[in-house]
Structure formats: structure tokens, C-alpha cells
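Okay, structure first, notes after.
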Amino acid sequence: MESAETIVIVGAGQAGYWATQTLRKQGYGGRIVLVGSEPHPPYERPPLSKQVLKGETEPPSTWLATPDRLAELNTEFLSGRTAIALDRRGRHVELHDGTRIGYDRLLLTTGARPRRLSIPSQSDAAVFYLRDIADSLALRERLATARHVIVIGGGLIGLEVAAAATARSCSVTVIEAADRLMSRVVGPEISAHFAELHRARGTEILSGRMPERIEAGGPGCRICFRGGDSCDGDLAVVGIGVIPNAELAAAAGLKVENGLWVDEFCRTEDPNIWAAGDVTNHLNPLLGRRLRLETWQNAQNQAIAAARNMCGEPQAYSEVPWGWSDQLGVNLQLLGVPRSFDQAIARGDPASGSFTLFYLDGDRIAGVNAVNAPKDIAVARRLMAGNVTVDPQRLRDPAVPLRSLLS
Ligand SMILES: Cc1cc2nc3c(=O)[nH]c(=O)nc-3n(C[C@H](O)[C@H](O)[C@H](O)COP(=O)(O)OP(=O)(O)OC[C@H]3O[C@@H](n4cnc5c(N)ncnc54)[C@H](O)[C@@H]3O)c2cc1C
């Protein structure tokens, strides 16, 4: 259906693409303008710390759509263009080159950027961050000649980089401020399992350590700790979390607190503005609380929900949060974001390399960490979405099919 309306989408990443595609699927016939800072078409980031970094695939394989496909979707794709101001009263966005684009409805899918180290550094050229294609290619090139890599931050991205560096024959030291790896997203049992896997490949893990400054010593950089000790590497890769790109929204007076606030229908407090993806702090009705997620699932599915809501089809975005990581040939999948739990139930034997940890809050599953056990995740997602009560004895017994707990 033809319409004289304009929808502007700021942020041409994963969420921006899925919103564009869904608007057309919903039959929206007006103008769509997709604005993105990067020079590439919208793409998926997970391979950047995995296959692309290891040299197994090239960046175009990550593209969600070619420029031709965007043209087919009748979308004006403005690449390499950054929105620098949002005028809610005048309903337009201003780009860095001075262009103004008016909108009837606006979707913000501006994502997030890496948190930077806030310690003195004399060696910026040897310090890498990883968010986009350019970062991944620059790091990949450096890994080709590096011998020792220091990873600052033992979270998902840091450990994927450590795994890729190992695959490229580098030795690795991981420095983690907490007392265990991936502490923000997995339970202690999984941290210990992955620490063992990385150590078995020769990686040194320094936990409970905080770098104090970076010097230009050694082969590339020297990471100095309080107390006087240090470690040298050809380069350091920093993975210490992300900051939502919510400044545009905040400057326009929208509520930003650990992300841009939206409700379960992806609406901001401005009736003409929606948001989706990493930038949002959203209400999840299933969990009954607010979340800020940094996952592929959220970027895609919240954007689809946002586009449907923008087309007038009310659809709450209400899913069990899910994410994954691949390290050293091992697949880790995560369900839920438990704030607390009463007991952890293990199903399967960690020594076999395939097992699942269920974190129970009372008699319900609050979170799941599965190692090489994707089938457990499929059933656990249904148990969690249905808020099904479970018997811990049956849950831990591999002789009891997980599916039988559904009934
Ligand atoms: C290396 C890496 C590996 C990952 N691996 C996994 C994984 O294994 N599993 C998983 O579940 N998730 C993974 N993720 C997370 C997942 O990729 C993100 O959650 C997802 O990309 C978020 O999509 P988004 O569209 O919200 O934001 P983004 O992908 O960040 O896209 C936002 C886009 O908006 C642009 N932009 C920002 N501000 C402006 C502006 N003012 N004007 C114009 N454009 C702007 C940005 O340049 C960017 O291109 C990974 C992320 C990274 C970086």
C-alpha cells in the first residue's frame, strides 16, 4: 500500500536491517530511510570474533543484505552517514554532513560501542578493541605476525579472541578483574570448565587482576599492575563490555539509564519514536523486569517486534533471553538472566564435554548454561517460557528425557 509517510531508521546494523525488512513484510508502503555510520551494508557481528578473525571467512559473508537487496526493499540506504542530532518537535534528524531528514516515525537502532580502558596508556597502537569489520580485519592482520597476545577482559568476546589467537598459533594471557571468567553471564561451574579448556591450550589466566597502566615496553606493550609486576605482549585486545549508543536520544530528552528506555512494545516515551537492539533498556514481560541485552537474538527479534508495532500491530517483545559463544571448538549456550538462584543442577558429565547447568529459583528454571548440548536448550526454553515447575531429581537424571518434564 503506497503512503506518503517517512520512517527513518538510525543505525544500519542487525536491528536496523530486520526492522527494514519487517516493515516491508508488514506491507508498509511509505518511504524508508536507513542511516548508518559504517561504510558496509548491515551485517552480523558474531563471526567477527570467530570465523573472520581466524581467517576462515571474509566480511561479505556476514552481510544481511547487499545494497541491491536494500534497493529491492525500496529503502534509501545512507551508508557512512552519522545522525548527530534529533529534533523531536520538528521531527527530523540531522546528519554529520548537515543533511536534515524529516520523519513521521523514527526507529533508533544505534547499537553499542566497546567500553574503553580508563587507565594511562603510552601504547595505543598496540591496543585493540573489537566491534566492527574494520576492527576484526585490523586485529586479524596483527595476529598473523604476533607471538604473544594479551587479552584484557575474560568475558565472551575476550575469550573468543583468546581462542582465535590460539588457533593462529599465538600464546595468550587473559587478564580478568573478577575472580572467575565470564562471571557476568555464566555460573561458577561453567567458568571453571572454560578456564580449564583455555589453560589446556596453553593460555595463562590471571584472574582478580586489574591493569594500572600500559607502557610502550616489551615487543609491543607492557601491561603494568599495581604492586609493580607486569606482562609483555605484542598487542593487547580489550573486551570489557559495551556502552549503548544512546547519546542522540538522551540529548533529545528521552529517558536513558543503562540504555534507552522502551516498553515491551519497543516504544520510547515519544509516541513517534521506537528503539530496538543493543541500545535499549527494555521491559521483558516474561521476566517482569527491565533488561539491557547484547545478543544476536535480541537485535533481530526486538527489531521485528518494533517494526510490527510501528505498523500498528501491537506485539509485545517477550522472549526468554538467549545467547551463545563458540570457543576452542566448544559451543556454549545461555538462557535467561538469573538475578539469583537457590540451586544449580548439573545434567550430564562435564568430563564428557557435553553437559548442562540448570539454575533453579524455587522449583522453576531461572537460567541455563549448556556446553555442547543444544538439544537441552531447545527444551529448556519451552520450560522457561511456560514457567513450568520442575523436579530437580528428574532434571539431573540423564535417563529421564528432558522433554518429559514439559508435561
Ligand atoms: C565481535 C562480536 C561478536 C559477537 N558474538 C555474539 C555471539 O556469538 N552471540 C550473540 O548472541 N551475540 C553476539 N554479539 C552481539 C551481537 O552482535 C549484537 O548484540 C548485535 O550486533 C546488536 O545489533 P544492533 O543492531 O542493536 O547494534 P549494532 O550491531 O551495533 O549496529 C548499530 C549500528 O548503528 C550505527 N550507528 C550508531 N550510531 C549511529 C548514528 N548516530 N548514526 C548512524 N549510525 C549509527 C553503528 O555504527 C552500527 O553500525 C557479538 C558482538 C560482537 C561485537
Side-chain angles (χ1 to χ4, degrees), residues 8-20 33-53 59 62-64 77-86 93-97 99 101 106-115 128-137 139-140 155-161 163-164 182 185 237-239 241-252 259-260 262 266 275-280 282 292-304 306 321-327 331-335:
V8 173
I9 301 174
V10 177
Q14 191 187 341
Y17 168 72
W18 278 101
T20 307
V33 185
L34 177 63
V35 184
S37 298
E38 295 188 60
H40 314 282
Y43 61 91
E44 294 188 332
R45 296 180 197 273
L48 301 185
S49 51
K50 307 176 183 70
Q51 298 88 338
V52 173
L53 198 54
T62 66
W63 290 3
L64 283 159
F77 174 42
L78 307 183
S79 62
R81 312 274 283 277
T82 298
I84 55 162
L86 161 58
V93 290
E94 185 180 333
L95 308 188
H96 74 285
D97 58 6
T99 313
I101 310 173
L106 175 70
L107 177 66
L108 296 172
T109 48
T110 45
R113 61 184 181 277
R115 183 183 298 283
F128 290 73
Y129 291 84
L130 178 51
R131 180 73 194 180
D132 58 27
I133 286 179
D135 295 337
S136 183
L137 292 181
L139 182 56
R140 175 166 105 176
L156 295 173
I157 299 279
L159 292 178
E160 288 188 355
V161 169
M182 303 183 283
V185 291
V237 187
V238 181
V242 298
I243 297 174
N245 292 322
E247 289 78 3
L248 193 67
L260 168 57
V262 292
C266 316
D278 278 13
V279 72
T280 67
H282 62 274
R292 185 172 67 75
L293 297 172
E294 301 152 19
T295 60
W296 178 95
Q297 172 206 38
N298 183 59
Q300 175 179 296
N301 295 351
Q302 195 185 20
I304 291 172
W322 171 78
W324 86 94
S325 174
D326 292 314
Q327 300 168 31
N331 173 254
L332 168 66
Q333 296 196 37
L334 317 166
L335 270 184

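Atom set for the values below is all heavy atoms of this structure, side chains included, hydrogens, waters and symmetry mates excluded. Numbering of ligands and ligand atoms starts at 1, following listing order.
- Trp324 pairs in a side-chain contact (heavy atoms from CB on, under 4.5 Å) with only one of the listed residues (Asn331, Thr295, Leu334), which is Asn331.
- Taken from CG in Leu64 to CD in Gln14, the straight-line distance is 6.0 Å, to the nearest 0.5 Å.
- Considering only non-hydrogen atoms, atom 7 (C) of ligand 1 lies nearest to Trp324 out of Tyr17, Trp322, Trp324.
- Of all non-hydrogen atoms in Ala306 and Ala276, the two that sit nearest each other are CB-CB, 4.2 Å.
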- Task: Test side chain to side chain donor-acceptor pair (under 3.5 Å) on Tyr17 and Gln300 and set out the steps.
- Result: CA-CA 8 Å; Tyr17 168 72; Gln300 175 179 296; over 6 Å; no
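- Below 4.0 Å from some heavy atom of Trp296 lie the following atoms of ligand 1, by number and element: 10 (C), 11 (O), 12 (N), 16 (C), 19 (O).
- Nearest-heavy-atom check against atom 44 (N) of ligand 1 across Gly16, Ser37, Ala19 picks out Ser37.
- Of the N and O atoms on the side chains of Thr280 and Gln302, at least one donor lies less than 3.5 Å from an acceptor on the other residue.
- Not a single N or O atom of Gln297, backbone or side chain, sits closer than 3.5 Å to an N or O atom of ligand 1.
- For ligand 1, the atoms closer than 4.0 angstrom to any heavy atom of Gly11 are 34 (O), 35 (C), 44 (N).
- By the 4.0 Å heavy-atom criterion, Glu38 is counted among the residues contacting ligand 1.
- Protein heavy atom at the shortest distance from atom 3 (C) of ligand 1 is Ser49 OG, 3.3 Å.
- Closest to atom 5 (N) of ligand 1 by heavy atom, among Lys50, Arg45, Gln14, is Lys50.
- Proximity of Arg113 to ligand 1 is not established, as no heavy-atom distance is less than 4.0 Å.
- The atoms of ligand 1 that sit less than 4.0 Å from any heavy atom of Val10 are 40 (C), 42 (N), 43 (C).
- Annotation: atom 15 (C) of ligand 1 to nearest protein heavy atom, Glu294 O, 3.6 Å.
- Nearest protein heavy-atom contact of atom 42 (N) of ligand 1 is Ala83 N, 2.9 Å.
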